[in-house]
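First comes the structure, then the notes that go with it.
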2 protein chains.
Amino acid sequence: MQDEGSLCHSSFATPPYTCRVASSSNIPRPTIKRLSLYLRSLESHQPAGTATVSSRQLGQSVGITDVQVRKDLGNIGQLGQPGIGYQVEALRGELRRVLKTDREWNAVVVGVGNIGSAILHYPHFGSKGFRIVAALDASPDRIGQRIAALRVQPMADLPAIVAEHDVRIGILAVPAEAAQSVAAEMTAAGIQGILNFAPIRIDVGNDAEVASVDLSRSLEQLAYQVGIGD
Amino acid sequence: MQDEGSLCHSSFATPPYTCRVASSSNIPRPTIKRLSLYLRSLESHQPAGTATVSSRQLGQSVGITDVQVRKDLGNIGQLGQPGIGYQVEALRGELRRVLKTDREWNAVVVGVGNIGSAILHYPHFGSKGFRIVAALDASPDRIGQRIAALRVQPMADLPAIVAEHDVRIGILAVPAEAAQSVAAEMTAAGIQGILNFAPIRIDVGNDAEVASVDLSRSLEQLAYQVGIGD
DNA sequence: CGGTGTGAAATAATTCACAGCT
DNA sequence: AGCTGTGAATTATTTCACACCG
């Protein structure tokens with residue numbers, strides 16, 4: 001009875017298939033989501049002693065059948081050894097390569113309210129290859145504040161920051177009313193992927209990919225499941 | 001596949017035909033996720049003047065085809081009027097009923113670090129029927145602190161709080177190392193649904209439903225999409 | 001044995017096509 | 001005309017069954 005949080009990716013929602021995903025990748029969407037699950041399992045609580053892991057073990061650790069694991073992994077290449085399993089180290093590398101976390105991703109946080117500053121303090125990004133290089137806000141009161149080793153900068157600095165640090169990803173944590181227009185600023189500055197925390201759909205056309213985290217919707221889904229009996 | 005007849009809820013006067021409402025559990029998962037999208041659209045930026053909305057309008061506002069909207073809504077009953085569309089007010093009510101947000105859900109936040117306190121300050125829950133009635137933490141340093149009008153309480157208080165306020169939902173915002181055992185405490189106290197922010201799978205058997213929000217994974221999915229070209 | 005890989009069957013979800021209402 | 005509801009077709013995803021390797 002485990003459910004993933006609702007991160008409605010834009011490609012899942014768009015009716016005209018404007019997303020450039022279509023041709024470039026023949027890996028099914030559900031598989032991609034599970035790959036990051038496998039990677040997380042391999043990265044965190046995998047005993048250092050084991051050099052090898054079976055599809056059953058891996059599946060058990062993330063709550064998925066062994067067949068599904070093999071199908072998923074078979075989807076990105078032939079990585080296993082019959083009778084043995086998968087080499088943990090090699091598999092990790094391959095997953096990182098496929099998911100593009102074998103490189104450094106520079107990101108900015110836009111909006112340093114509650115959620116924005118929580119993100120800035122979130123410790124798990126660094127180890128996954130994501131580095132937050134700047135924090136920005138529109139409110140003059142907040143500019144200059146220090147949050148988690150960063151000084152809050154004005155929105156006007158965005159294009160320069162993006163250019164200087166090769167920022168591709170922006171974390172959007174502004175109030176819903178401002179989200180759409182700030183998202184436009186971000187794409188205009190050259191940002192290609194937006195992680196949106198505002199509870200509203202933002203439309204950036206083909207300029208960027210959007211993934212959303214909507215806390216209210218997550219709670220709603222949970223309430224639905226809990227209340228299913230009545 | 002098409003369903004049994006069920007009694008019409010009196011709170012909702014359906015104009016046409018016989019009033020049939022699908023039983024709660026055979027609604028496809030993807031549909032449920034989109035229902036909360038529709039509801040969000042109807043609740044937020046819907047002009048107050050319009051008493052009626054078409055599947056095309058609704059679809060456009062959330063980025064989905066009109067056919068899909070009709071299929072989804074048809075899944076929970078016959079709610080529309082041919083040639084007219086859907087009554088906004090009635091549809092809202094029906095969606096809330098199906099998603100179980102037509103009642104009040106009391107929730108607690110466990111763990112008042114960065115994410116926990118951001119959640120406590122998050123303004124959007126109240127209007128959706130979720131009320132956070134308590135904040136708890138294991139660390140003695142934090143107990144007694146005031147965060148967003150709540151006083152942080154010790155974990156030992158959990159069972160009493162759950163019982164007193166009929167708490168069904170718990171928001172789990174503790175470090176990954178503690179998540180599994182704290183989750184067990186929560187279910188032991190009677191909590192039936194857990195929204196998990198720790199980047200780890202938590203296993204509570206059949207005692208509760210779990211929905212997870214994993215920020216690293218969300219970023220990873222985004223990076224994958226952005227990096228798809230290379 | 002305990003493993004993986006994979007075509008084939010089964011199931012789920014989306015899209016199409018169109019009947020019928022206002 | 002504009003709109004909903006829905007069986008049928010299509011497409012996507014999961015599960016099954018089994019060949020084959022160490």
Side-chain angles (χ1 to χ4, degrees), chain A residues 2-4 8-9 11-17 19 21-23 25-35 37-38 50-60 62-88 90-91 94-95, chain B residues 1-5 14-22 25-35 37-38 50-60 62-88 90-91 94-95:
Chain A
Q2 196 108 169
D3 179 32
E4 292 314 307
C8 51
H9 291 265
S11 61
F12 150 77
T14 41
Y17 284 67
C19 254
V21 175
S23 59
S25 124
N26 44 6
I27 303 177
R29 174 52 65 109
T31 292
I32 292 291
K33 287 191 176 172
R34 287 188 299 262
L35 291 185
L37 229 42
Y38 305 148
T50 54
T52 187
V53 65
S54 74
S55 59
R56 173 169 319 206
Q57 293 173 303
L58 199 43
Q60 205 151 307
V62 306
I64 278 179
T65 73
D66 54 336
V67 196
Q68 183 76 80
V69 173
R70 289 201 299 279
K71 258 272 152 64
D72 285 341
L73 297 183
N75 234 318
I76 66 176
Q78 295 181 179
L79 311 166
Q81 293 159 279
I84 306 291
Y86 301 83
Q87 297 297 125
V88 171
L91 183 53
E94 197 61 17
L95 286 173
Chain B
M1 208 50 136
Q2 234 45 321
D3 49 25
E4 35 37 291
T14 1
Y17 313 112
T18 47
C19 183
R20 295 183 306 157
V21 175
S25 187
N26 50 6
I27 304 177
R29 188 53 91 74
T31 291
I32 293 290
K33 287 192 175 171
R34 286 188 298 262
L35 290 185
L37 229 42
Y38 306 148
T50 54
T52 189
V53 65
S54 74
S55 59
R56 172 167 322 206
Q57 292 174 302
L58 199 44
Q60 204 151 308
V62 306
I64 278 179
T65 72
D66 54 336
V67 196
Q68 182 76 79
V69 173
R70 288 201 299 280
K71 259 273 153 63
D72 285 341
L73 296 183
N75 234 317
I76 66 176
Q78 297 182 176
L79 311 167
Q81 293 159 282
I84 307 290
Y86 300 84
Q87 298 297 124
V88 171
L91 182 53
E94 197 60 17
L95 286 173

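Computed from a predicted model, the values in this text were never measured in an experiment. Lettering follows sequence order; numbering is per chain, from 1.
Take the nearest nucleotide of DNA chain D for A/Arg70 and for A/Arg34: the residue whose nucleotide is more 5' is A/Arg34. Take the nearest nucleotide of DNA chain D for A/Gln68 and for B/Tyr86: the residue whose nucleotide is more 5' is B/Tyr86. Heavy-atom distances to DNA chain C give each of B/Gly83 and A/Ile84 a nearest nucleotide, and the one nearer the 5′ end belongs to A/Ile84.
Of all nucleotides listed (C/dG3, D/dC16, C/dT14), C/dG3 comes nearest to the side chain of A/Ser54. Side chain of B/Lys71, nearest nucleotide from C/dT4, D/dC16, D/dT6: D/dT6. Residue A/Arg29 places its side chain closer to D/dT13 than to any other of D/dT13, D/dT6, D/dC16. Of the listed nucleotides (C/dT4, D/dT13, D/dG22), D/dT13 has the atom at the smallest distance from the side chain of A/Pro28. Of the candidate nucleotides C/dA13, D/dC21, D/dT14, C/dA13 has the atom lying nearest to any side-chain atom of B/Pro30.
Taking side-chain N and O atoms only, A/Gln78 has no distance below 4.0 Å to OP1 or OP2 of C/dG5.
Of all the heavy atoms in B/Asn75 and B/Pro28, the pair that sits closest is ND2-CD, 3.6 Å.
Using a 4.0 Å heavy-atom distance criterion, A/Thr31 is classed as making no nucleic acid contact. In this structure, A/Gly74 reaches neither bases nor backbone, as no heavy-atom distance under 4.0 Å exists between it and the strands shown. Counting non-hydrogen atoms under 4.0 angstrom, A/Leu79 reaches the backbone sugars and phosphates but no base.
Inter-residue side-chain proximity for B/Leu91 and B/Gln87 is flagged as unmet; no heavy-atom pair is nearer than 4.5 Å. Within the 4.5 Å cutoff, no side-chain heavy atoms of A/Asp72 are placed close to those of A/Val69. In this structure, A/Ser54 and A/Asp66 have side chains that are not in contact, with every pair of non-hydrogen atoms separated by 4.5 Å or more. Looking at A/Leu73 and A/Leu95, their side chains come closer than 4.5 Å, going by heavy atoms from C-beta outward.
Protein atom CD1 of A/Ile64 is 14 Å distant from nucleotide atom P of D/dT13, rounded to whole Å. A straight line from CG of A/Leu91 to P of C/dG3 spans 16 Å, rounded to a whole angstrom. Between the CG atom of A/Leu58 and the P atom of C/dG2 there is a distance of 19 Å, rounded to whole Å. The interatomic distance linking B/Ile32 (CD1) with C/dA12 (P) rounds to 15 Å, in whole Å. In this entry the distance linking CG of B/Asp66 with P of C/dT15 reads 11 Å, nearest Å. Residue A/Asn26 contributes atom CG, which lies 12 Å from atom P of D/dT13 at whole-angstrom precision. Atom CD1 in B/Ile27 sits roughly 15 Å away from atom P in C/dA12 (whole-Å rounding). Rounding to whole angstrom units, CG of residue B/Asn75 and P of D/dT6 are separated by 10 Å.
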